[in-house]
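First comes the structure, then the notes that go with it.
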Amino acid sequence: SSKGIYQTELITGILDPPVVTGLENAELLEQVKIYPNPADHEITILLPGVAKEAMDIQLVDGVGKAVIKDSISEGTSQKTIHSQDLAAGIYILQIGSGKSGVVRKKVLVVHQD
C-alpha cells in the first residue's frame, strides 16, 4: 500500500447552494408555504403567486418512492393534497420541474386519534 499526502485549500465567501435547483424565479420558489406541518388529513401548498405554467407535485416517502403525483394548474396558486391514507412519517414534497425550477420541502405526516 502506498501512503500519500493530500493538500486542500480553504476557500471562504462561498454560500451554501439553496434548495431550488432551477435558474428562473428561484427566490419565488423559496417562498412556497406548506401547511399544516405536521399534517394529519391534508397538506396545503401555497405559492407566492399564480403559477405561470403547470407545476408537477410529488410526495416521496423515506425509500424514494413517489406516493403521490399531482400538479398545480396554470393560473392557480394553491393545491391541497389528501394525506389521510398515507403512513405516518417524513416525506419530501417536490414542487416544480423544468424551466420553473424545483423546490423540495420536508413534510411530517402524523395521524392523531
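- The closest side-chain heavy-atom distance from Ile68 to Gln58 is not below 4.5 Å.
- Between atom CG of residue Asp70 and atom CD1 of residue Ile95 there is a gap of 11.5 Å, rounded to the nearest 0.5 Å.
- Between the side chain of Asp56 and the main chain of Gln94, no donor-acceptor pair closer than 3.5 Å is present.
- Across all non-hydrogen atoms, the minimal contact from Tyr35 to Leu46 is CE2-CB, 4.2 Å.
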Give every donor-acceptor pair under 3.5 Å between a side-chain atom in residues 82-90 and any protein atom, sequence neighbours left out.
residue	atom	partner	partner atom	Å
Ser83	OG	Asp40	O	3.1
Ser83	OG	His41	O	3.4
Ser83	OG	Glu42	N	3.3

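- In terms of hydrophobic clustering, with Ile, Leu, Val, Met, Phe, Trp and Tyr side chains grouped at heavy-atom distances under 4.5 Å, Ile34 and Val109 are assigned to a common cluster.
- Nearest heavy-atom pair, Ile57 versus Ile72, reported as atom, atom and distance to 0.1 Å: CD1-CG1, 3.3 Å.
- Residues Leu47 and Ala51 come closest through the heavy atom pair CD1-CB, 4.0 Å.
- In this structure, the separation between CD1 on Ile45 and CG on Leu59 is 8.5 Å, given to the nearest 0.5 Å.
- When hydrophobic clusters are built by joining Ile, Leu, Val, Met, Phe, Trp and Tyr residues whose side-chain heavy atoms come closer than 4.5 Å, directly or via intermediates, Val32 is not grouped with Ile92.
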